[in-house]
Student: 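Following this message is one structure expressed as structure tokens.
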2 protein chains.
Amino acid sequence: MPVAPPPLTRLPLNALRAFEAAARTGAFTLAAAELGVTPGAVTAHVKALEERLGAALFERQARGVRLTALGLAAVEELTGAFDALAGAEARLRALALPREVHIATLPAIAQLWLSPRLPALRAAAPEISVSITALEAPPNLKRSLHDLSLFPAESGGRLVAEDEIFPVCSPALAARLERVEDLGSVPCLSDTAWDRDWEVWLAAVGAKVAVRGPAFSLYALAVEEAVNGAGVLMGHGPLVAGHLARGVLVAPFAQRVPIGQGLRLWSARPMPKGSAAARVAEFLAYGWPT
Amino acid sequence: MPVAPPPLTRLPLNALRAFEAAARTGAFTLAAAELGVTPGAVTAHVKALEERLGAALFERQARGVRLTALGLAAVEELTGAFDALAGAEARLRALALPREVHIATLPAIAQLWLSPRLPALRAAAPEISVSITALEAPPNLKRSLHDLSLFPAESGGRLVAEDEIFPVCSPALAARLERVEDLGSVPCLSDTAWDRDWEVWLAAVGAKVAVRGPAFSLYALAVEEAVNGAGVLMGHGPLVAGHLARGVLVAPFAQRVPIGQGLRLWSARPMPKGSAAARVAEFLAYGWPT
DNA sequence: AGCTAGGGTCAGGAAAACTTAGCCATGCCT
DNA sequence: AGGCATGGCTAAGTTTTCCTGACCCTAGCT
């Protein structure tokens with residue numbers, strides 16, 4: 001417990017970053033996830049910082065923490081500074097590695113929408129190296145090192161594909177489905193992240209059927225199961241288009257329900273005209289420019 | 001030599017800071033001094049960064065380094081970000097330790113001007129803890145953690161005392177000096193940092209005397225020597241005022257030469273009204289407010 | 001009670017950072 | 001030319017930081 005004031009040395013950068021993340025996210029656990037470390041590491045950083053400052057930044061509560069007045073007063077400026085730093089860092093990377101493009105997207109989109117388009121992209125621009133990171137949620141644009149984010153959203157960014165939902169299944173299974181009510185008698189697959197899909201679609205088509213079936217945490221896995229005839233899946237237009245085109249999945253019912261959001265593409269930072277990121281974005285949005 | 005692109009992990013903060021300092025100062029040695037580490041540490045940081053980026057940031061030359069185009073393109077934004085970070089850090093400290101005031105100044109000023117004023121300051125505001133750092137040159141205002149900087153300058157900040165120079169010596173020695181020309185026959189002390197003082201004064205009074213004598217790297221030491229009768233020193237008004245008042249030093253010649261600069265006080269960041277830093281600045285500039 | 005979420009703590013080990021000491025090339029100064 | 005100073009590089013070794021993994025603790029649910 002050093003009571004004497006600490007000498008005039010800089011505060012550790014990593015501790016400041018940990019504090020900022022914790023303050024912004026409101027929880028050590030979330031901060032730890034963002035920084036890619038364990039919560040214990042964040043605890044230690046914040047503790048070290050508080051010890052150096054001789055004042056508490058958080059009030060510890062049984063569940064979770066709350067910023068003290070001091071912490072609150074300090075976060076905003078720190079957040080701005082780290083935002084600026086992340087921007088500078090990203091720009092530095094982009095300048096040093098001008099042929100690298102990093103895309104962040106949902107696992108399902110990565111496998112079912114993006115992946116099928118990559119061969120054409122590679123063929124058209126072999127010098128560009130595209131890497132894809134699957135995330136459960138869109139990254140903080142001011143912080144992420146990704147150049148592009150591709151996520152379902154209602155607005156913002158550039159619309160790449162409208163989303164609409166409708167049941168899909170293997171052709172064999174489709175033969176057993178004549179009316180919407182028949183869905184009650186077959187397994188109805190669902191994705192845990194999109195667990196309201198069935199509800200929404202059934203309501204939209206005015207059907208009152210109780211559907212049930214296994215839930216998957218990976219949409220791509222549910223699609224595979226549907227292909228294998230394991231049941232009927234609520235398809236998302238852009239994600240099952242390929243399977244429908246190849247005929248391995250079919251849509252037994254005509255009603256397609258728009259869900260008011262589409263696949264949208266953002267860039268975290270302005271992309272210089274002609275940069276690799278800008279070209280990839282162009283390709284994803286419109287196909288390769290002629 | 002990893003040719004494969006590195007995974008999408010953050011660049012190390014400390015390496016970025018080292019690079020930024022090196023780029024801004026133009027030399028690894030200066031950056032090392034600023035960061036308070038050895039040059040080897042900076043070398044290592046920059047090298048690590050370059051390796052991560054797969055591109056050179058500096059061109060190594062026989063003496064010194066030069067930024068590459070990439071380095072040049074990246075510095076500015078990084079500098080801004082680290083400036084912001086330093087600002088946030090300083091504010092955080094100030095909020096956490098509202099009674100601490102850090103002053104940066106020249107060693108001579110610290111000993112001869114500031115130090116004599118501290119007892120009154122402490123008496124008037126005992127709750128404020130003032131710490132003083134002696135630096136050879138004014139710190140970078142956007143970066144330093146000091147609250148106040150007190151340095152000789154021609155403009156800027158708040159003028160605290162005009163500077164003027166004139167010979168001073170012990171009363172005994174003064175008895176042997178009648179005309180300016182007599183200076184040629186006694187040791188004339190000088191400070192290595194202010195080595196043109198004699199030249200300036202002699203030119204201003206229109207004298208053509210060759211003065212010689214020992215040089216000191218610490219002005220306060222030269223003052224002590226002058227008090228001990230070791231020779232005549234070129235006195236700086238604010239710094240010898242105390243000794244003149246006590247009679248341990250006298251000015252054998254009347255001519256005082258203003259040198260166009262004064263002791264000036266800056267604050268690195270805006271000081272909230274009533275803050276400890278603001279009160280100390282007030283005291284130093286005007287004496288304690290009634 | 002038992003469970004869960006969110007932190008705190010501690011020991012140990014990995015990685016980063018720093019220092020020291022010596023080396024090298026260049027250019028300035030005699 | 002020789003000597004010296006400058007500024008950076010390198011290798012070895014050490015200290016410090018950082019992180020993990022395992023476990024404890026508390027409050028609120030069920």
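What you are looking at is a predicted structure, and each value in this text was computed from that prediction instead of being measured. The basis for the numbers below is simple: all heavy atoms, side chains too, and nothing from hydrogens, waters or symmetry mates.
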Student: So with a 6.0 Å cut-off around CD of A/E76, is the heavy-atom count from everything else above 12?
Tutor: no
Student: Assign a letter to each nucleotide of nucleotides 25-30 of chain D from its 5' end: B, base within under 4.0 Å of a protein heavy atom; S, sugar-phosphate only; -, no contact.
Tutor: --B---
Student: Is the distance from OP1 or OP2 of D/dC18 to the nearest side-chain N or O of A/N14 less than 4.0 Å?
Tutor: yes
Student: Please check the phosphate of D/dT17 (OP1 and OP2 only) for any side-chain N or O of A/H45 closer than 4.0 Å.
Tutor: no
Student: On the 0 to 90° scale, with breaks at 30° and 60°, tag the A/W194-A/Y219 ring pair as parallel, tilted or perpendicular.
Tutor: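 Plane angle over 60°, so perpendicular.
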Student: Choosing from C/dG7, D/dC9, C/dT9, which nucleotide comes nearest the side chain of B/R60?
Tutor: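 Output: D/dC9.
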Student: Strictly below 4.0 Å: does A/T29 bring a side-chain N or O up to OP1 or OP2 of C/dG6?
Tutor: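 No, because none of the side-chain N or O atoms of A/T29 sits under 4.0 Å from OP1 or OP2 of C/dG6.
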Student: How many Å lie between CG on B/L49 and P on C/dA17, as a whole number?
Tutor: 11 Å
Student: Which part of the nucleic acid, if any, lies within contact of B/A27, taking any heavy atom under 4.0 Å across all strands shown: a base, the sugar-phosphate backbone alone, or nothing?
Tutor: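 Contact class for B/A27: sugar-phosphate only.
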Student: When the distance from CZ of A/R66 to P of C/dG7 is rounded to whole Å, what number comes out?
Tutor: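 Atom CZ in A/R66 sits about 14 Å away from atom P in C/dG7.
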Student: Distance check, rounded to the nearest 0.5 Å: B/L233 atom CG versus B/D197 atom CG?
Tutor: 8.5 Å
Student: Look at B/K47 together with B/E51 and state whether they make a salt bridge at an N to O cut-off of under 4.0 Å.
Tutor: no
Student: Rounded to the Å, how far apart are B/L11 CG and C/dA16 P?
Tutor: 13 Å
Student: Rounded to whole Å, how long is the line connecting atom CG of B/L67 with atom P of D/dG8?
Tutor: 12 Å
Student: Nearest 0.5 angstrom please: B/H102 NE2 to B/L148 CG, how far?
Tutor: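 If I round to the nearest 0.5 Å, the distance is 10.5 Å.
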Student: Is any side-chain nitrogen or oxygen of A/K47 closer than 4.0 Å to OP1 or OP2 of C/dG7?
Tutor: no
Student: Between C1' on D/dG7 and CZ on B/F58, what's the gap in Å once rounded to a whole number?
Tutor: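 It works out to 13 Å between those atoms.
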Student: In whole Å, what is the span from the CG atom of A/L35 to the P atom of D/dT20?
Tutor: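 Interatomic distance, CG of A/L35 to P of D/dT20: 10 Å.
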Student: Between C/dG8, D/dT20, D/dC18, which nucleotide has the shortest distance from any of its atoms to the side chain of A/F28?
Tutor: C/dG8
Student: By the 4.0 Å heavy-atom rule, please label B/V65 as base, sugar-phosphate, or nothing.
Tutor: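 B/V65: backbone/sugar contact only, no base atoms under 4.0 Å.
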Student: Is B/T43 close enough to D/dG8 that one of its side-chain N or O atoms is under 4.0 Å from OP1 or OP2 there?
Tutor: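 So the side chain of B/T43 is outside the cut-off, no N or O lying under 4.0 Å from OP1 or OP2 of D/dG8.
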Student: Rounded to the nearest angstrom, tell me the gap between atom CZ in A/R52 and atom P in D/dT16.
Tutor: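 So the CZ-P distance, A/R52 to D/dT16, works out to 14 Å.
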Student: Tell me the interatomic distance from A/E51, atom CD, to C/dG8, atom P, rounded to whole angstroms.
Tutor: 13 Å
Student: For atom CZ of B/R60, decide whether the heavy atoms of other residues, nucleotides or ligands shown that lie under 6.0 angstrom number more than 12.
Tutor: yes
Student: Working to the nearest 0.5 Å, report the span between OG of A/S275 and CZ of A/R99.
Tutor: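 Spacing of OG (A/S275) from CZ (A/R99) equals 12.0 Å.
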Student: Under 4.0 angstrom, heavy atoms only, what part of the nucleic acid is A/A44 near: base, sugar-phosphate, or nothing?
Tutor: nothing
Student: When rounded to the nearest 0.5 angstrom, what distance separates OG in B/S190 from CZ in B/F216?
Tutor: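 So the OG of B/S190 and the CZ of B/F216 are separated by 8.0 Å.
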Student: The side chain of A/T38 lies closest to which of these nucleotides: C/dA17, C/dC18, D/dC19?
Tutor: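 The listed nucleotide nearest to A/T38's side chain is D/dC19.
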